[in-house]
Amino acid sequence: MEHELVLVIDFGGQYNQLIARRVREHKIYCEVISYKTPIEEIRAKNPKGIIFTGGPNSVYLEDSPRMGAEIFELGVPIFGICYGAQFMVYGLGGTVEKANDSAVAEFGRTDCEFDTESLLFGGLKEKSVVWMSHNDHIEKLPEGFRAICHSDKCPYGAIENPEKKFYGTQFHPEVNHTEQGFEMLGNFLYKVCGCKGDWTMEKYAETAIREIREKVGSGKALLALSGGVDSSVACKLLANAIGSQLTCIFVDHGLMRKNEGDEVEAAFANSGVNFVRVNAGERFLGKLTGIDEPESKRKIIGEEFIRVFEEEAKKIGKVDFLVQGTIYPDVIESGLGDAAVIKSHHNVGGLPDYVDFKEIIEPLRLLFKDEVRALGTTLGLDEKLVWRQPFPGPGLAIRIIGDITPEKVTILQDADAIFREEIANAGLDRSINQYFAVLTNMRSVGVMGDGRTYDYTLALRGVTTSDFMTADFSRIPYDILEKVSIRIVNEVKNINRIVYDITSKPPATIEWE
């Protein structure tokens with residue numbers, strides 16, 4: 001898809017996805033790539049601008065991530081953030097050193113003063129708060145650079161070489177704690193890079209439909225439809241592109257939420273697409289017997305999904321393409337360059353080596369979750385489907401800690417249904433971006449009816465997030481949590497204790513496994 005492109009080059013920073021998200025919010029398309037990406041490949045992408053991420057290393061150490069000097073010779077504007085700024089200084093002949101008595105490390109909220117004559121800070125307040133996080137500091141600037149921001153402890157809070165259009169900040173403009181960070185990124189993208197902002201879901205849909213038609217031609221496609229927002233939007237997009245050439249296969253793996261299989265079937269049965277439901281609960285549970293390691297669960301389910309699709313494809317004739325609702329966070333979390341594999345997603349890292357289809361089509365692979373919802377609205381998808389609660393492909397298999405049994409699935413389905421019902425009754429189902437129950441593998445002593453119990457502990461999880469790459473735990477009122485707890489303990493057998501997860505992402509992920 002031909003759009004203005006900004007590249008986010010990852011040096012191992014924890015905020016790399018967030019930087020990309022902020023760029024997208026400015027209606028400019030961007031991609032996250034590894035610092036090891038060959039310079040020829042970067043040049044071929046013809047980016048309008050480049051952003052270097054932060055990272056945990058010290059740039060002056062031998063084994064720290066670096067790029068060749070060619071990156072600075074592309075004639076492309078560059079914005080370095082934290083480690084990215086230090087790499088720019090180091091790579092262009094300046095000096096970066098460990099913090100000492102005269103230049104103290106900074107962490108957290110920091111007051112700074114800005115030179116608003118710089119394009120990077122034009123139109124902003126001269127004083128505001130930023131988010132610092134660094135042990136090293138810039139000691140000497142390369143030729144052609146000057147300071148454009150400082151704090152009490154950091155004389156080079158931000159730097160620029162306006163002639164070469166190189167900029168750097170020691171702080172993180174991408175995080176909300178930096179008060180004017182979004183505007184700073186906007187100044188770089190529009191005033192420095194000259195972007196126009198052509199990334200909209202209307203244009204994305206138009207381009208995607210055209211490309212899908214060209215790729216599929218007269219062939220047939222099979223869509224893995226879960227009923228979640230990602231696969232539902234993919235279904236709508238493919239239906240608009242190729243109509244009756246699409247068959248939607250809904251695999252009920254027996255690990256859906258309570259009554260969800262029937263709800264998905266009802267939602268798509270009369271939608272005008274070819275809809276096939278496969279009840280494969282026993283098959284999946286059989287494969288998962290005795291498996292308690294989460295990555296093993298994901299890979300078993302991922303492979304079994306493919307095998308079911310292959311079998312169904314043979315029943316309906318030759319099918320050339322498999323369509324999946326993979327989105328950008330799935331791709332990033334499944335491993336990017338040297339980035340850590342947080343967890344493999346069944347539709348990325350969980351695929352088997354051999355897949356009996358000509359090609360896999362992933363029309364949402366470039367999109368973050370909120371962009372997927374915006375695309376669904378643009379395509380006219382039913383609001384209930386656009387705002388359906390996110391649900392992982394492996395389903396309840398990764399919300400049951402430890403081994404999986406039919407009894408545990410039923411327990412979790414019943415408990416989760418109560419939690420979701422009470423959240424909806426309280427009117428919080430839109431403000432909490434994802435909420436669900438987790439059946440832990442821990443048992444504890446309880447007392448019910450004057451008798452001793454030794455039953456499972458259930459964990460409740462609720463998060464608020466704009467992009468699902470970072471998330472904060474939701475502050476659900478105590479009276480609602482109390483009502484949920486009372487109902488679950490009284491209505492669901494084998495649960496005698498309820499806990500609420502108050503961990504944000506990072507350091508946790510949204511799902512427990």
Side-chain angles (χ1 to χ4, degrees), residues 212-213 215-257 259-289 297-327 330 345-365 385 388 391-397 404 409:
I212 290 167
R213 285 173 179 163
K215 182 184 292 288
V216 175
S218 60
K220 293 182 178 180
L222 191 64
L223 169 64
L225 178 63
S226 69
V229 60
D230 300 335
S231 64
S232 296
V233 172
C235 173
K236 182 66 174 176
L237 190 63
L238 268 290
N240 288 0
I242 60 174
S244 61
Q245 294 167 252
L246 172 68
T247 297
C248 296
I249 304 294
F250 167 55
V251 178
D252 187 345
H253 50 27
L255 297 161
M256 307 293 290
R257 290 172 287 204
N259 301 324
E260 193 161 35
D262 294 338
E263 293 171 1
V264 171
E265 183 173 10
F268 288 95
N270 300 312
S271 63
V273 301
N274 299 320
F275 180 90
V276 177
R277 177 176 179 177
V278 183
N279 293 311
E282 291 186 8
R283 175 173 176 170
F284 277 82
L285 289 174
K287 290 281 186 178
L288 291 166
T289 299
K297 292 179 186 178
R298 289 177 177 274
K299 292 189 181 298
I300 288 171
I301 292 171
E303 176 157 359
E304 206 61 22
F305 259 103
I306 296 296
R307 299 306 166 221
V308 172
F309 293 142
E310 289 174 343
E311 293 169 11
E312 292 302 316
K314 291 174 183 176
K315 295 179 183 178
I316 61 177
K318 179 174 173 54
V319 175
D320 306 288
F321 300 93
L322 173 65
V323 184
Q324 295 191 134
T326 308
I327 65 174
D330 297 342
H345 291 257
H346 82 279
N347 51 353
V348 183
L351 288 175
D353 294 332
Y354 172 71
V355 180
D356 191 18
F357 294 96
K358 178 180 177 182
E359 190 173 342
I360 293 178
I361 298 176
E362 296 172 317
L364 311 179
R365 188 180 178 89
L385 292 176
R388 195 183 187 107
F391 192 60
L396 300 183
I404 300 167
V409 173

Check whether Q245 reaches the backbone of G217 with its side chain - one donor and one acceptor, N or O, closer than 3.5 Å. yes
NZ on K287 to CD1 on I404, rounded to 0.5 Å: 14.5 Å
Reported NE2-to-CZ distance for the pair H253 and F305, which is rounded to 0.5 angstrom: 4.0 Å
Starting at CG of L237, measure out to CG of L223 and round the result to the nearest 0.5 Å. 10.5 Å
Taking the side chain as every heavy atom from C-beta outward, state whether L385 and K236 have any atom pair closer than 4.5 Å. no
Partners meeting salt bridge (charged side-chain N to carboxylate O under 4.0 Å, His left out) with K215 (sequence neighbours left out): E359
First locate atom CD1 of I361, then atom OG1 of T326, and finally report the distance between them rounded to the nearest 0.5 Å. 12.0 Å
Contact summary for K220 and V319, nearest pair of heavy atoms: O-CG1, 3.6 Å
To the nearest 0.5 angstrom, please state how far the CD atom of Q324 sits from the CG atom of L322. 4.5 Å
Closest non-hydrogen atoms of I242 and A221, given as atom of the first, atom of the second and distance, are CD1-CB, 3.8 Å
Answer yes or no: does atom CD of E311 have more than 12 heavy-atom neighbours from other residues, nucleotides or ligands under 6.0 Å? yes
Which atom names give the shortest non-hydrogen contact between F321 and V216, and what distance separates them? CE1-CA, 3.7 Å
Nearest heavy-atom contact between I301 and F284 is O-CE2, 3.8 Å
Among residues at least two apart in sequence or on other chains, which ones pass salt bridge (charged side-chain N to carboxylate O under 4.0 Å, His left out) with E260? R257, R388
Any idea which heavy atoms bring G325 and D230 closest together, and the distance? O-CB, 3.4 Å
Worked check of salt bridge (charged side-chain N to carboxylate O under 4.0 Å, His left out) between R307 and E304: CA-CA 5 Å; R307 299 306 166 221; E304 206 61 22; over 6 Å; no
Between CG on residue L285 and CG on residue L255, distance to nearest 0.5 Å: 5.5 Å
Identify all side-chain donor-acceptor contacts of residues 272-280 below 3.5 Å with residues at least two apart in sequence or on another chain.
from, atom 1, to, atom 2, distance (Å)
N274, ND2, S244, O, 3.3
N274, ND2, L246, O, 3.2
R277, NE, N279, OD1, 3.0
R277, NH1, D262, OD1, 2.9
R277, NH1, E265, OE1, 2.8
R277, NH2, D252, OD2, 2.9

What closest approach, in Å, do S231 and L225 show between heavy atoms, and which atom pair accounts for it? OG-CD1, 3.6 Å
